[in-house]
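On a predicted model such as this, the values are computed, not experimentally measured, just so you know.
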Amino acid sequence: MRIIVEAALYCAYFTGLFMVFGDVFHVLKRRAELGHRLRKKVAEGRKQPAAIVFLGDLASSAFQRDIGGYAVAWALAGLFLLSFALGIRSFYLPQTVLIALMCCGMPPAIMSIAVSRNRSRSSREGMSLVAELGRQYRIHGKNIYSAIEYTIESEADFPVSKKQLYRLLLRLRSASGKDSIKACTDSFAFSLGTIWGSMLASCIRLAAEKGSDISEGLSDISRQLSSAYKRSEERRRMNSEATRMTLFLVPLLYVGTVLMAVYYLGISPGQLLSNQFLSPEGLLFFLIGVFLFVINMAVLRALSNMKLDY
């Protein structure tokens, strides 16, 4: 009975102690968890190679969401192995490696097209973005976090840049130090892909790291963008005809050759499809044509959608 009474007294004592200092224990626990998470993020950021960082930035900019570089690398490696396993049954080793490399190179090329389109659209939003960010920065006491938050919530018309700013704000709020802040702003500058975007990212990094006043920097970027807008109209017309010809003429030429083979050469559709996709030579030439078409579209898209820059 004495042991039971002592145990009950101890339980009551520690229960009361926990009830009184429960908030303190909870704060200490959360601080320990946050410190462990931040140290883990810093360690992960330092050990990532440049190629992994590039793949992560490319995928994140293309799909407008955070995607890890290692996930992209593993996906490309799986695509390479799958293409190699399927091609080795019909081709020799050099041809199989070439086909696997082409299949592995198509996703980055397609993501580059998407990134180029997003950069072109966001570059034309630069004037509105910088002006609104500068206005919110002065209104909210030169607090860069509040300025970014209220810029995202504003009714200004820059939808692509708002998504990129939103991702930047989330990353900055979970940043663990100078290196992490620099990685966040570097990713933001990569998604914009312009000189003024790099300057804006540098201003945001200075404000987030040291609390520096970046009002003059934002004003200077606005002045430079004003002069750049005057030269943007001529760039819109560059290579537009070549882009339309490639986009519509190449598929029409392929369909035309198929129709000519069926109606003029007397080849049955089944035999034509068999020669195209089931024979090693036909499949190889088809994959080379598709690969060159994607690369050509990427190059023409990059040339026709020149970014608004200075």
Checklist entry - Do Ile99 and Val290 belong to the same hydrophobic cluster, where Ile, Leu, Val, Met, Phe, Trp and Tyr are linked whenever their side-chain heavy atoms lie under 4.5 Å apart, directly or via other members? => result yes
Checklist entry - Would you find more than 12 non-hydrogen atoms of other residues, nucleotides or ligands less than 6.0 Å from Phe291 atom CZ? => result yes
Checklist entry - After noting the C-alpha distance and the side-chain angles of Thr96 and Leu86, does the key distance pass the side-chain contact (heavy atoms from CB on, under 4.5 Å) rule? => result CA-CA 9 Å; Thr96 304; Leu86 293 176; over 6 Å; no
Item to check | Expected output: side-chain Thr257 to main-chain Tyr254 donor-acceptor under 3.5 Å | outcome: yes
Item to check | Enclosure of Phe285 CZ (heavy-atom neighbours >12, cutoff 6.0 Å) | outcome: no
Checklist entry - Considering only heavy atoms from C-beta outward, does the side chain of Leu129 approach that of Trp196 to under 4.5 Å? => result yes
Checklist entry - So, for Lys182 and Arg205, which heavy atoms are closest and what is the spacing to 0.1 Å? => result CA-CD, 3.8 Å
Checklist entry - Can you name the side chain to side chain donor-acceptor pair (under 3.5 Å) partners of Arg173, sequence neighbours left out? => result Glu149
Checklist entry - Can a cation-pi geometry be assigned to Lys163 and Tyr166, taking NZ or CZ under 6.0 Å from the six-membered ring centre and within 45° of the ring axis? => result no
Item to check | Results of side chain to side chain donor-acceptor pair (under 3.5 Å) for Arg223 - residues two or more places apart only | outcome: none
Item to check | 4.5 Å side-chain heavy-atom contact, Leu200 and Leu133 | outcome: yes
Checklist outcome for this item: Of all heavy-atom pairs linking Ser154 and Lys162, the shortest is O-NZ, 2.6 Å
Checklist entry - With distance as the sole test, does Asn275 use its side chain to make a donor-acceptor pair with the main-chain N or O of Gln271 at under 3.5 Å? => result yes
Item to check | Side chains of Tyr137 and Thr151 in contact at under 4.5 Å (non-hydrogen atoms) | outcome: no
Item to check | Ile288 vs Met102 side-chain heavy atoms within contact, under 4.5 Å | outcome: yes
Next on the checklist: Within the supplied structure, the quantity of interest is the number of heavy atoms (other residues, nucleotides, ligands) at a distance under 6.0 Å from Tyr145 OH; does it exceed 12?
Outcome noted: yes
Next on the checklist: To check you understand the geometry: which heavy-atom pair defines the closest contact between Cys203 and Ile221, and what is its length?
Outcome noted: SG-CD1, 4.4 Å
Next on the checklist: Could you tell me if the side chain of Ile144 sits less than 4.5 Å from the side chain of Ile214, heavy atoms only?
Outcome noted: yes
Item to check | Worked check of side-chain contact (heavy atoms from CB on, under 4.5 Å) between Leu76 and Leu55 | outcome: CA-CA 10 Å; Leu76 292 178; Leu55 289 176; 4.3 Å; yes
Next on the checklist: How long is the straight-line distance from OG of Ser222 back to CE of Met127, given to the nearest 0.5 Å?
Outcome noted: 5.0 Å
Next on the checklist: Could you report the tightest heavy-atom contact between Cys184 and Leu168, atom names first, then the distance?
Outcome noted: O-CD1, 3.7 Å
Item to check | Minimum heavy-atom distance Ala59-Val72, with the two atoms named | outcome: CB-CG2, 3.6 Å
Next on the checklist: In the structure I gave you, are the side-chain heavy atoms of Leu79 and Ser83 within less than 4.5 Å of one another anywhere?
Outcome noted: yes
Item to check | Close side-chain approach of Gln95 and Pro280, heavy atoms under 4.5 Å | outcome: no
Item to check | side-chain contact (heavy atoms from CB on, under 4.5 Å) between Leu283 and Leu278, worked out | outcome: CA-CA 7 Å; Leu283 182 59; Leu278 298 182; over 6 Å; no
Checklist entry - Out of curiosity, does Phe158 fall in the hydrophobic cluster containing Met199 (side-chain heavy atoms, cut-off under 4.5 Å, transitive links)? => result yes
Next on the checklist: Can you tell me how the ring of Phe277 sits relative to the ring of Phe286, calling it parallel under 30°, perpendicular over 60° and tilted otherwise?
Outcome noted: perpendicular
Next on the checklist: Show, in sequence, the C-alpha distance, side-chain angles and deciding distance for Gln164 and Leu192, and conclude whether the side-chain contact (heavy atoms from CB on, under 4.5 Å) test is met.
Outcome noted: CA-CA 8 Å; Gln164 296 164 352; Leu192 293 177; 3.0 Å; yes
Checklist entry - Which pair of non-hydrogen atoms, one from Pro108 and one from Leu58, has the smallest distance, and what is that distance? => result O-CD2, 4.1 Å
Checklist entry - How would you list, by chain and number, every residue that makes a side chain to side chain donor-acceptor pair (under 3.5 Å) with Glu132, sequence neighbours excluded? => result Arg135, Gln136
Next on the checklist: Nearest 0.5 Å, please: how far is SG in Cys104 from CZ in Phe84?
Outcome noted: 13.0 Å
Next on the checklist: A side-chain contact here means heavy atoms from C-beta on lying under 4.5 Å apart; do Ile181 and Leu172 qualify?
Outcome noted: yes
Item to check | Arg171 and Ser187: side chain donor to acceptor below 3.5 Å | outcome: yes
